[in-house]
2 protein chains.
Amino acid sequence: MAAQDADIFDDMRHRLITGEFGYGTKLRAEKLRQDYNCSASTVREVLFRLSTVGLVDFQEQRGFRSPYQSVERQHELTHMRILLETEGACLSIRLGGVEWESRLTAAHHKLSHIETRVRSSGDLIPLLGLWSRAEQEFHETLIDACGSGLLKRTHVVIYEQFRQQLVSAETNYGYFPENIREHQAILDAALQRNEDLMRVCVNDHLARNLTRPLPRKSYPDAFGKSSAI
Amino acid sequence: MAAQDADIFDDMRHRLITGEFGYGTKLRAEKLRQDYNCSASTVREVLFRLSTVGLVDFQEQRGFRSPYQSVERQHELTHMRILLETEGACLSIRLGGVEWESRLTAAHHKLSHIETRVRSSGDLIPLLGLWSRAEQEFHETLIDACGSGLLKRTHVVIYEQFRQQLVSAETNYGYFPENIREHQAILDAALQRNEDLMRVCVNDHLARNLTRPLPRKSYPDAFGKSSAI
DNA sequence: TTTTCTTTGATTTTCGAAATTTTGGGCGTA
DNA sequence: TACGCCCAAAATTTCGAAAATCAAAGAAAA
């Protein structure tokens, strides 16, 4: 029975990302110990490792919780995704070769196929898991040739927290036609190797998750102070 | 005897950041257990938490190590710092008020004071710890008004790993005059609320840690393919 | 000599219980 | 009723040892 710890870790991560636990729910060690038939320390260890990647909140002497959901958090995660994905995608354009292009095209094809099925059936729910993974694959491939493992790891961490925050499939489904168009636009920008266009596309695609706009750029006025805000 | 765990965590973090353990050194649980007079599980837990913030590498079944040093790693950390600090600083310019300006000025003053002392004594070593902390304080204040806790937390994580990688105080000292000038330039850009200038200043300040330039922007040529590389 | 297998010692992982700390309720007092 | 205090239950943290796994050295085979 190898790597029991790793199995529990993966399973817990899946349960957390799919939102099985409510937001802010306390993760009781005893309960999980029974779920996995292991000791309390093992559970504790796994939860620590999950807090490593932001999927679990840890507070000294008061245990572990599934993170709270808030507009702030969603906002910050989106902002970070925009920052990392635009940078990663532009670097990929600079550094990636035909091999990267082909992998991105493949990922888009798979995603596109699922999106078409969803649109024709009119129901996202049964394909939600499939679609979710395909979208993640597409976005990860987008930045895959950026040349920085650190950037990619950081992005995964943010992406999974982002995914965890999305509750209702319905909300998401409302934007499905836009989604399809935007993914296509991103692919096109990549194949055209147009960085400025890429920035715009990624921004447009992600900014939909913002309930209020990101702060606009300010320009110094006569006094050298900000004129915005 | 409250919060023993937290104390061990802080102490270990300090030891790691100051480079007490060599790069890639195995962190033996037994040794640390004796250092802190605690049990193996406590050590294990602390090491897990330190791997949370990238100060320790963890590999299943083969324990914990102080991270290896490599040009790649230094490069990636620098790149990430540039990305996060330029974004954070520009957002602070947009969102921060006079209160932020004054805190940044204060942090700069403290740092500047130490730097002057270093330059007049001609020896960085005795003030290294002090200077190190003052520089961190300055850089953290720079992005402090950015409005995103996530961005700030991510920055700390990157910054500490970056600090851990810097070995020789000598190498650093070679650039001391530049450092002083650059910190001043960053402060000026902040007070002028000039975002474009800020980007340039932060870039110049950090890019010195790169042994080779970051990939330059590519422009689509007639075939829509990259012309750089 | 080189390769592969096996044994042994060291390290990591897991366990269940004891010690510590927090949480929540009940009680008395203002 | 509101407030503070104390106690009991529940949860978290720490412990030391047992179980599982890995790594190095030596023996056997090619």
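Because only heavy atoms are used, hydrogens play no part in the values below, and waters and symmetry mates are left out as well, while side chains stay in. Naming convention: chains lettered A, B, ... in sequence-line order (proteins, then strands); numbering from 1 in each chain.
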May I have the distance from [X] (atom [atom1]) to [N] (atom [atom2]), rounded to whole angstrom?
| X | N | atom1 | atom2 | value |
| --- | --- | --- | --- | --- |
| B/Arg65 | D/dC22 | CZ | P | 15 Å |
| B/Glu30 | C/dG9 | CD | P | 18 Å |
| A/Lys31 | D/dA10 | NZ | C1' | 17 Å |
| B/Glu45 | D/dT12 | CD | C1' | 10 Å |
| A/Ile8 | C/dT13 | CD1 | P | 13 Å |
| B/Glu60 | C/dT12 | CD | C1' | 10 Å |
| A/Phe48 | D/dT12 | CZ | P | 11 Å |
| B/Gln34 | D/dG16 | CD | P | 13 Å |

| message | Does a side-chain N or O of B/Arg44 approach OP1 or OP2 of C/dT12 to a distance below 4.0 Å, or not? | response |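 No, B/Arg44 has no side-chain N/O under 4.0 Å of OP1/OP2 on C/dT12.
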Could you tell me whether the phosphate oxygens of C/dT11, OP1 or OP2, come under 4.0 Å of any side-chain nitrogen or oxygen in B/Lys26?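 Looking at the OP1 and OP2 atoms of C/dT11, neither is under 4.0 Å from any side-chain N or O of B/Lys26.
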(request) Anything under 30° is parallel, anything over 60° is perpendicular, the rest tilted; go ahead and classify B/His139 against B/Tyr159. (result)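 Geometry flag for B/Tyr159 against B/His139: tilted rings.
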Is any NZ, NE, NH1 or NH2 atom of the basic residue among [X] and [Y] found under 4.0 Å from an Asp or Glu carboxylate oxygen of the other?
| X | Y | value |
| --- | --- | --- |
| A/Glu137 | A/Arg133 | no |
| A/Glu45 | B/Arg44 | yes |
| B/Arg73 | B/Glu76 | no |
| B/Arg33 | B/Glu30 | yes |

Residue [X], side-chain atoms from C-beta onward, closest of [options]:
| X | options | answer |
| --- | --- | --- |
| A/Arg62 | C/dT23, D/dT14, D/dG16 | C/dT23 |
| B/Ala29 | C/dT12, D/dT12, D/dC15 | C/dT12 |
| A/Arg28 | D/dA11, C/dT13, D/dC15 | D/dA11 |
| A/Ser39 | D/dC15, C/dT12, C/dT14 | C/dT14 |
| A/Gln61 | C/dT14, C/dT21, D/dC22 | C/dT21 |

(request) For B/Thr42, answer base if it contacts any base atom (sugar-phosphate contacts may also be present), sugar-phosphate if it contacts only those atoms, and nothing otherwise; contact means non-hydrogen atoms under 4.0 Å. (result)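 The answer is sugar-phosphate, as B/Thr42 gets under 4.0 Å only of primed atoms, P, OP1 or OP2.
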### Query
Toward the 5' end of DNA chain D, which comes first, A/Ser41 or A/Gly63, by nearest nucleotide?
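Final value for this comparison: A/Gly63.
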